[in-house]
Amino acid sequence: MSGSVWLPPGARPGTLPSIPEQRGPSWARPDPLDELAERLDEFVAAAVHPDEIAALLESDGLSDDQIRERYGVRNSFALAEELYERVDRRYPEPEGPVHDPWQVGLLGCLLRGVVFALPGFGYVLGAPLMTGPRDFGLPAGTVPLLAGSVIGWTWNQGLAHRAYSWLGLGDREAARRSLLLGAPVGVVLGALAALLVAGRGEMTGVAFAVGQSLYLGASTVLLVLGRERALLYALLPMAAGAALTLLHPVPDVVRLALLLISLAGVVVLGAWEVRSAARAPKGRGELRDKPQRTRSRHTTMGPTLFASLPYALFGLGTGILVLHAALDDPLAAVALTLGMGPAEWLLHRFRSGSLAGLRNTSPARAFWRTTATTLIECLTAYLATLLALGLAMSALSPGLLLLGVVLWTGLLLQSFGAILTATAVCCTAALAQTLALLTHTGTPYWVALTVHGTAAAAQAALVCALLGRATAHR
């Protein structure tokens with residue numbers, strides 16, 4: 001027995017026992033976390049949050065016990081955070097040209113500005129038809145018109161937001177249906193408001209206000225659905241007649257006929273655009289070919305009526321501010337209205353520039369500087385346009401430029417999603433200017449300058465506070 005060799009159980013005679021693998025020093029062994037980071041490098045580098053990495057780890061079947069044993073961290077979320085810190089961010093560039101939803105043509109925006117201003121010719125053409133006493137020193141029929149205008153601006157601004165929300169969800173038929181149901185309600189509300197404030201002998205003003213309400217409802221349909229050219233063609237008879245009155249007297253019958261022709265054209269075109277919604281069953285829009293799950297999600301998550309209320313109030317506040325400017329100088333209101341086309345284009349240009357800034361700058365401070373530079377360029381260009389329009393119409397005043405800042409920054413805050421803030425500022429400014437007018441506090445010029453300057457400064461400060469937030473530019 002002295003010459004026998006002990007063999008492990010199961011070993012065959014003539015074989016040598018296995019030699020245990022020699023372990024090197026701990027510093028020579030690769031870090032399991034580095035190996036995992038290298039293996040998942042592309043995914044981790046493109047992740048925008050550690051939770052994305054944690055979801056991938058859990059989908060691979062890694063339990064928390066395995067993670068503690070292999071990598072020395074407590075769970076998948078801790079491991080994801082560690083990987084997120086170790087790998088630099090590298091976001092892959094999309095193939096082909098980068099999609100920019102804010103790229104719009106200048107010509108289309110200028111066309112919208114012209115379309116916004118052309119209805120003013122209707123007041124020029126219809127003014128001699130008004131009868132009745134002068135209220136508050138204003139021409140006959142003005143008070144019913146103003147009441148109908150304020151109600152129409154408020155209602156149709158909210159209606160447009162609701163229809164645009166449906167368009168954003170991809171359901172064009174639902175947008176048409178909301179316009180079909182909402183536009184007539186706005187017409188009735190505007191007509192009732194004009195009737196309630198009309199005095200004795202102002203029925204022609206009420207009739208004109210009813211026509212105005214019909215126009216506002218039908219034009220909202222056409223503008224929301226992108227039919228600016230059709231609206232322009234319908235307004236040409238009225239605009240041509242108003243221009244003719246500046247050169248030669250026009251009989252009242254011709255004035256009325258031109259007004260009715262343009263109004264009928266706008267109403268017919270608006271009704272034609274929503275005709276499909278009148279005969280299509282509810283819920284049978286452009287989503288009908290999509291899966292039932294997609295359809296039901298869009299239907300149940302559609303825009304609520306309450307969500308459109310701040311936009312309606314924003315229309316009320318800005319409308320009253322422009323109305324005060326029109327009462328002081330009608331040409332100033334024309335300049336503001338014509339300037340809405342360039343204002344819209346410059347707003348889109350700013351959003352496009354901020355989107356490029358999100359792609360090309362990483363530090364938050366650098367992104368803020370980039371967007372601030374783009375903001376200054378766009379706002380300066382808008383004010384230069386407004387200045388040129390004011391000079392051309394002899395309607396230039398500091399109050400006009402300050403009101404332009406209020407309107408443009410209000411629209412910018414609205415696009416940032418800060419609609420409640422913009423609405424609060426504009427409605428407060430409109431209320432202050434109205435109370436000053438009713439109580440005869442100060443001269444209209446200095447009241448407008450103070451109110452517009454305060455509102456412009458408040459909204460500019462809010463815009464600057466939001467510039468550096470990437471979520472505001474989504």
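- Between Leu402 atom CG and Leu386 atom CG the span is 10.5 Å, to the nearest 0.5 Å.
- In this structure, CD on Glu228 lies 9.0 Å from SG on Cys109, to the nearest 0.5 angstrom.
- For the pair Arg176 and Arg275, the minimum side-chain heavy-atom distance is 4.5 Å or more.
- With contacts defined as side-chain heavy-atom distances shorter than 4.5 Å, the pair Leu412/Leu375 qualifies.
- Taking all atoms of both residues into account, the shortest heavy-atom contact from Leu462 to Thr421 is CD1-CG2, 2.9 Å.
- The main-chain N or O of Gln157 is never found under 3.5 Å from a side-chain atom of His161 such that the two would form a donor-acceptor pair.
- How far OG1 of Thr220 is from CH2 of Trp153: 12.5 Å, rounded to the nearest 0.5 Å.
- Between Leu225 and Arg172 there is a side-chain heavy-atom pair separated by less than 4.5 Å.
- One N or O on the side chain of Trp368 and one on the backbone of Cys464 form a donor-acceptor pair closer than 3.5 Å.
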Exercise for the section: Show your reasoning for whether side-chain contact (heavy atoms from CB on, under 4.5 Å) applies to Cys426 and Gln459. Expected result: CA-CA 9 Å; Cys426 289; Gln459 292 193 158; 3.4 Å; yes
Requested in this report: Determine, stepwise, if the pair Phe77 / Glu58 fulfils side-chain contact (heavy atoms from CB on, under 4.5 Å).
Outcome: CA-CA 10 Å; Phe77 292 99; Glu58 292 176 356; 4.0 Å; yes
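- At a threshold of 4.5 Å between non-hydrogen side-chain atoms, the residues Leu338 and Phe116 do not count as touching.
- Separating the CG atom in Leu316 from the OG1 atom in Thr423 is a distance of 9.5 Å, to the nearest 0.5 Å.
- Proximity of Leu110 to Pro342: side-chain heavy atoms (C-beta onward) are separated by under 4.5 Å at one or more points.
- The neighbour count for Tyr164 OH, taken as heavy atoms of other residues, nucleotides or ligands under 6.0 Å away, is above 12.
- Using a 4.5 Å heavy-atom cutoff, the side chains of Leu347 and Cys378 are not in contact.
- Classification of the Trp408-Tyr382 ring pair by plane angle, with boundaries at 30° and 60°, yields parallel.
- Val73 pairs with exactly one of Leu79, Asp64, Leu83 by the side chain to side chain contact (heavy atoms under 4.5 Å, CB included) rule, that one being Leu79.
- Around atom CD of Glu52, more than 12 heavy atoms belonging to other residues, nucleotides or ligands sit under 6.0 Å away.
- Between Cys427 and Leu313, the closest heavy-atom pair is SG-O, 3.3 Å.
- Within a 6.0 Å radius of CZ in Arg68, more than 12 heavy atoms belonging to other residues, nucleotides or ligands are found.
- Here the shortest heavy-atom pairing between Thr371 and Phe350 reads O-CE1, 3.4 Å.
- Annotation for Gln66: atom CD counts as buried by contact number, over 12 foreign heavy atoms lying within 6.0 Å.
- Ion pairing of Glu82 with Arg86 is present here, as a side-chain N (NZ or NE/NH1/NH2) and a carboxylate O approach within less than 4.0 Å.
- The OG1 atom of Thr380 sits 12.0 Å away from the CG atom of Leu387 when rounded to the nearest 0.5 Å.
- The distance from the CG atom of Leu336 to the CG atom of Leu401 is 9.5 Å, given to the nearest 0.5 Å.
- Each of Leu179, Asn156, Leu159 was scored for a side chain to side chain contact (heavy atoms under 4.5 Å, CB included) with Val221, with one residue passing: Leu179.
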Using side-chain contact (heavy atoms from CB on, under 4.5 Å), reason through Leu466 and Leu413 one step at a time and then give a plain yes or no. CA-CA 9 Å; Leu466 292 173; Leu413 286 171; 3.8 Å; yes
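- When side chains are defined from C-beta on, Leu231 does not count as touching Arg227, because their heavy atoms never get closer than 4.5 Å.
- Summarising the geometry of Ala54 relative to Ser76, their closest heavy-atom pair is CB-O, 4.1 Å, with the distance given to 0.1 Å.
- In terms of heavy atoms, Pro310 sits closest to Leu420 at CG-CD2, 3.7 Å.
- Remark: side-chain polar atoms of Thr154 are paired, donor with acceptor, to backbone N or O of Val150 under 3.5 angstrom.
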Asn75 vs Ile67, test: side-chain contact (heavy atoms from CB on, under 4.5 Å). Steps then yes/no.
CA-CA 6 Å; Asn75 53 33; Ile67 289 172; 5.8 Å; no
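- Taking the side chain as every heavy atom from C-beta outward, Leu400 and His452 never approach each other to under 4.5 Å.
- The minimum heavy-atom distance linking Gly390 with Ala335 is given by the pair N-CB, 4.3 Å.
- In the displayed structure, Arg112 atom CZ is contacted under 6.0 Å by more than 12 heavy atoms of other residues, nucleotides or ligands.
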